[in-house]
Undergrad: 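Provided herewith is a single structure, encoded as structure tokens, for subsequent inquiry.
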Amino acid sequence: MAWAKGVLISLAALLVQDVAAQGISAKGSDFLRFGCSQLVIERTDPIVNPGTLYTPHLHQIVGGNSFNITMDPMTIDPPKTSKCTSCRMVEDFSNYWTASIFFRSPENGTYRRVPQMTNGQLNGTLMPQEGGITVYYMRPFSGTNKKTTVFKPGFRMIAGDPSLRTKPSGPMMNCHRCLSKSERTSGGSGAPCAPTDTAEFPKKPCPGGIRVTVIFPSCWDGKNVDSPDHRSHVAYAPGSSNLASDKCPATHPVRIPQVMYEVMYDTSEFANPEYYKDGKQPLVYSFGDTVGYGAHGDYLFGWTDGALQRAMDALGTNCFSESCPVLKLQSPADAIACTKPQQAKEEVSSDVWLKEIPGSPMMR
Ligand SMILES: *[C@@H]1O[C@H](CO)[C@@H](O)[C@H](O)[C@H]1NC(C)=O
Ligand SMILES: *[C@@H]1O[C@H](CO)[C@@H](O)[C@H](O)[C@H]1NC(C)=O
Ligand SMILES: *[C@@H]1O[C@H](CO)[C@@H](O)[C@H](O)[C@H]1NC(C)=O
């Protein structure tokens, strides 16, 4: 889970400090939080490399099954072209994708994909899903105006940058949390990308897994559904907090829901302390990043007309997390049953040792 408990703890701490100065209220913590099972793991990326099979690096993809190598913003309509979604919210045919992580055997240099695992629910039981991603849509965390304007059809964006090998400045928006065995379902405590989380890969064994958090920008230029770098049409809110207030810069004046992913990697098999000696760690992202600063996520909007706006407007009254009466929830079994065959066919099983990571990325 979830940081709901962590946020409450942080809120309690803030209350003791100076809640007026922080401007945070418990009501402000309202968000949708739901699971999406794995659709497919493959080398495709309709945002960065449209039309390409076997793109440079491997992703896990979730959401509407109309996901394809080309998803032109002017013509695609995921709610119309999808027959199912792997997300619990049936009106959500968006696609969400993030990079795979590999374990490199210190003994012989071969690689195994670290399995994806499910996240915890807010009551401390595991989400009934297959791998996948936990998706959040959040209202402003502080400030008085909780209204958000949801994305237009065709909208897409990227958070983080796979080419980064140095620590980005500013609030941490992409981070890793190293979980102990007992934190497997709770996700540990503290708000997302708390000071104890790290922009780089953990430097110690994580027997309960690694939770990667990706926090997207909360401000939009109000015009463009995409931009050449897939980033500059959106912006992070000013300030030192990664969970945004209701403020936006003049260049990007429209407050959009803040999207956040939690992605769980099962490192329990790779938690031998020997692998972490002398400042080393054995993990590498599918794009050859051995440090972890390149953590990133891709988002392609695809809700049915009006559904997400309805939910965002209902937050703070009777809509919270997966329990949101203005949206329809499908059974975990139906979400799990929505999958896609690989289009870029190749071995990606987490049971198999590989000589090379798919795409043979440069290691750096
Ligand atoms: C994917 O795109 C191809 C054409 O590029 C099309 O033939 C196919 O039907 C599409 N698949 C889905 C699931 O939309
Ligand atoms: C490489 O090392 C791993 C353990 O790190 C082992 O499980 C695997 O069988 C080895 N592969 C070969 C080809 O020796
Ligand atoms: C935990 O929450 C889920 C989702 O609301 C529910 O289906 C499940 O029964 C709950 N489990 C327990 C033990 O409370």
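Ligands are counted one by one from 1 in listed order, and the atoms in each one are counted from 1 as well. Count residues from 1 along the sequence.
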Undergrad: Checking ring pair (Phe, Tyr, Trp, His ring centres under 6.0 Å) between Y299 and each of F151, W97, Y261, which is the one that passes?
TA: F151
Undergrad: My understanding is that only residues two or more places apart in sequence, or in another chain, count here; which of them pass salt bridge (Lys or Arg N to Asp or Glu O under 4.0 Å) with K247?
TA: none
Undergrad: Might you point out which heavy atoms bring P325 and C319 nearest each other, and give the distance in Å?
TA: CD-CA, 4.3 Å
Undergrad: Decide whether an N or O pair under 3.5 Å exists between T110 and ligand 2.
TA: no
Undergrad: Tabulated below should be the N or O atoms of ligand 1 paired with protein N or O atoms at under 3.5 Å; can you produce that?
TA:
unit_1, atom_1, unit_2, atom_2, d
ligand 1, 2 (O), N68, OD1, 3.4
ligand 1, 2 (O), N68, ND2, 2.3
ligand 1, 11 (N), N68, ND2, 2.8
ligand 1, 14 (O), N68, ND2, 3.4

Undergrad: Using a distance-only test with no angle check, is there a side-chain donor-acceptor pair under 3.5 angstrom linking E200 and T198?
TA: no
Undergrad: Going by the atom numbers of ligand 3, which of them fall below 4.0 Å from some non-hydrogen atom of N123?
TA: 1 (C), 2 (O), 3 (C), 8 (C), 10 (C), 11 (N), 12 (C), 14 (O)
Undergrad: Using a strict 4.0 Å threshold on nitrogen-to-oxygen distance, state whether E183 and R177 make a salt bridge.
TA: no
Undergrad: Which ligand 2 atoms does S105 reach within 4.0 Å, using its non-hydrogen atoms?
TA: 1 (C), 2 (O), 3 (C), 4 (C), 5 (O)
Undergrad: Side-chain donor-acceptor pair under 3.5 Å between S37 and S86, yes or no?
TA: no
Undergrad: For ligand 3, which atoms have a heavy atom of T125 less than 4.0 angstrom away?
TA: 1 (C), 11 (N), 13 (C)
Undergrad: Look at the side-chain heavy atoms of Ile, Leu, Val, Met, Phe, Trp and Tyr, link any pair under 4.5 Å apart, and say whether V150 and V135 land in one connected group.
TA: yes
Undergrad: For the residue pair Q258 / Y137, report whether a side-chain donor-acceptor contact shorter than 3.5 Å exists.
TA: no
